[in-house]
Amino acid sequence: MAYWLLKSEPDVFGWDHLVANGVSEWDGVRNYQARNFMRDMAVGDKAFFYHSRTGLEIVGIMDIAATAHPDSTAEDPKWVCVDVRADRPFPNAVILEQIKQDASLTDMVLVKNSRLSVQPVTPAEWDRILTLGGF
DNA sequence: GCCAACGTTGGC
DNA sequence: GCCAACGTTGGC
């Protein structure tokens with residue numbers, strides 16, 4: 001099982017939307033690096049849900065519910081998306097500032113490459129975030 | 001809302 | 001195949 005982090009602007013599609021919708025397509029990704037990570041995802045993998053632009057915090061944990069398939073919102077079938085479902089929200093959202101100040105998280109892709117919207121998370125990073133978030 | 005960082009496109 | 005121009009992302 002692998003760990004990931006997925007970003008979305010809460011004004012467009014936030015945690016509450018995911019909870020309300022149930023299993024949802026993580027569509028709209030138009031970046032090759034991000035797409036390639038989605039192709040690596042397996043059912044049962046876990047992912048953090050990060051609110052970008054507004055919020056700047058990790059708000060919850062998702063399950064990967066289906067592997068990559070063509071993105072119905074894209075004209076070109078080269079763009080794919082996975083399906084996700086909400087697992088559980090964090091008791092305390094983990095804010096970006098907190099992550100940047102944590103010595104064990106300085107190598108996170110979230111910090112090093114802030115523009116990548118789909119990214120891998122190491123087991124050590126995953127565990128640390130869980131602790132910071134109150135699990 | 002601004003703009004730096006980054007990715008993509010297209011003329012040469 | 002280089003690189004300038006352009007578009008997008010996302011922190012601030």
Side-chain angles (χ1 to χ4, degrees):
Chain A
M1 184 182 70
Y3 298 116
W4 310 95
L5 182 146
L6 304 177
K7 296 183 187 176
S8 181
E9 296 185 39
D11 295 343
V12 180
F13 185 83
W15 176 260
D16 292 342
H17 295 104
L18 179 62
V19 171
N21 289 8
V23 174
S24 305
E25 291 192 342
W26 197 268
D27 56 27
V29 172
R30 300 291 183 271
N31 172 282
Y32 288 104
Q33 226 186 329
R35 182 204 63 179
N36 292 344
F37 283 132
M38 285 203 292
R39 292 201 297 208
D40 290 340
M41 292 180 186
V43 172
D45 282 1
K46 295 282 189 180
F48 289 136
F49 193 125
Y50 176 80
H51 281 172
S52 62
R53 292 276 298 172
T54 306
L56 309 187
E57 57 191 5
I58 296 172
V59 293
I61 299 172
M62 298 181 278
D63 292 310
I64 304 304
T67 52
H69 55 84
D71 182 339
S72 60
T73 68
E75 289 182 22
D76 192 328
K78 73 181 178 185
W79 298 116
V80 299
C81 64
V82 295
D83 291 353
V84 296
R85 89 167 69 80
D87 175 7
R88 53 194 168 147
F90 274 101
N92 309 112
V94 181
I95 64 172
L96 180 62
E97 195 60 29
Q98 213 178 340
I99 292 167
K100 289 201 292 192
Q101 287 174 5
D102 193 296
S104 58
L105 297 176
T106 50
D107 286 337
M108 270 193 84
V109 181
L110 186 68
V111 177
K112 293 216 155 174
N113 182 2
S114 64
R115 293 183 69 242
L116 188 60
S117 64
V118 177
Q119 51 183 260
V121 174
T122 69
E125 291 163 351
W126 183 270
D127 289 344
R128 181 63 184 149
I129 298 285
L130 288 186
T131 300
L132 292 175
F135 282 129

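For clarity, every value in this text was computed on a predicted model and none was experimentally measured.
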Can a side chain N or O of A/Y50 be found less than 4.0 Å away from OP1 or OP2 on C/dT9?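 Answer no for this pair, as no side-chain N or O of A/Y50 is under 4.0 Å from OP1 or OP2.
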
How many whole angstroms separate atom [atom1] of [X] from atom [atom2] of [N]?
X: A/K78; N: B/dG7; atom1: NZ; atom2: C1'; result: 12 Å
X: A/E9; N: C/dG11; atom1: CD; atom2: C1'; result: 11 Å
X: A/D11; N: C/dT9; atom1: CG; atom2: P; result: 14 Å
X: A/L110; N: C/dC12; atom1: CG; atom2: P; result: 10 Å
X: A/W79; N: B/dG7; atom1: CH2; atom2: C1'; result: 10 Å
X: A/H51; N: C/dT9; atom1: NE2; atom2: P; result: 17 Å
X: A/L56; N: C/dG10; atom1: CG; atom2: C1'; result: 8 Å
X: A/I95; N: C/dG11; atom1: CD1; atom2: C1'; result: 13 Å

Is A/R35 paired with A/D71 through a side-chain N to carboxylate O contact shorter than 4.0 Å?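 Answer for the salt bridge query: no.
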
Ring pair (Phe, Tyr, Trp, His ring centres under 6.0 Å) between A/W4 and A/Y50, intermediate numbers included: CA-CA 11 Å; A/W4 310 95; A/Y50 176 80; over 10 Å; no

Joint hydrophobic cluster, A/F49 plus A/V109, side-chain heavy atoms closer than 4.5 Å: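 Hydrophobic grouping puts A/F49 with A/V109.
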
Let's see if you get this right: which residues in residues 28-40 of chain A place a heavy atom under 4.0 Å from DNA chain C?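 Heavy-atom contacts with DNA chain C come from no residue of residues 28-40 of chain A; none.
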
What's the spacing between A/S104 OG and A/L132 CG if we round to 0.5 Å?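 CG of A/L132 is found 7.0 Å from OG of A/S104.
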
Between A/S72 and A/E25, is there a side-chain donor-acceptor contact under 3.5 Å, judged purely by atom types and distance?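 Yes, side-chain donor-acceptor contact under 3.5 Å.
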
Under a 3.5 Å cutoff, is there a donor and acceptor pairing between the side chains of A/W26 and A/D83?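 Looking only at side-chain atoms, A/D83 and A/W26 do not form any donor-acceptor pair under 3.5 Å.
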
Choosing from C/dC12, C/dG10, C/dT8, which nucleotide comes nearest the side chain of A/K100?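 The answer is C/dC12.
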
With respect to A/I129, which candidate in A/V94, A/L110, A/V121 satisfies the side-chain contact (heavy atoms from CB on, under 4.5 Å) definition?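 With A/I129 as partner, A/V94, A/L110, A/V121 yield a single side-chain contact (heavy atoms from CB on, under 4.5 Å), made by A/V94.
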
DNA chain B: A/R53 or A/R115, which has the more 5' nearest nucleotide?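 Looking at DNA chain B, the more 5' nearest nucleotide goes with A/R53.
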
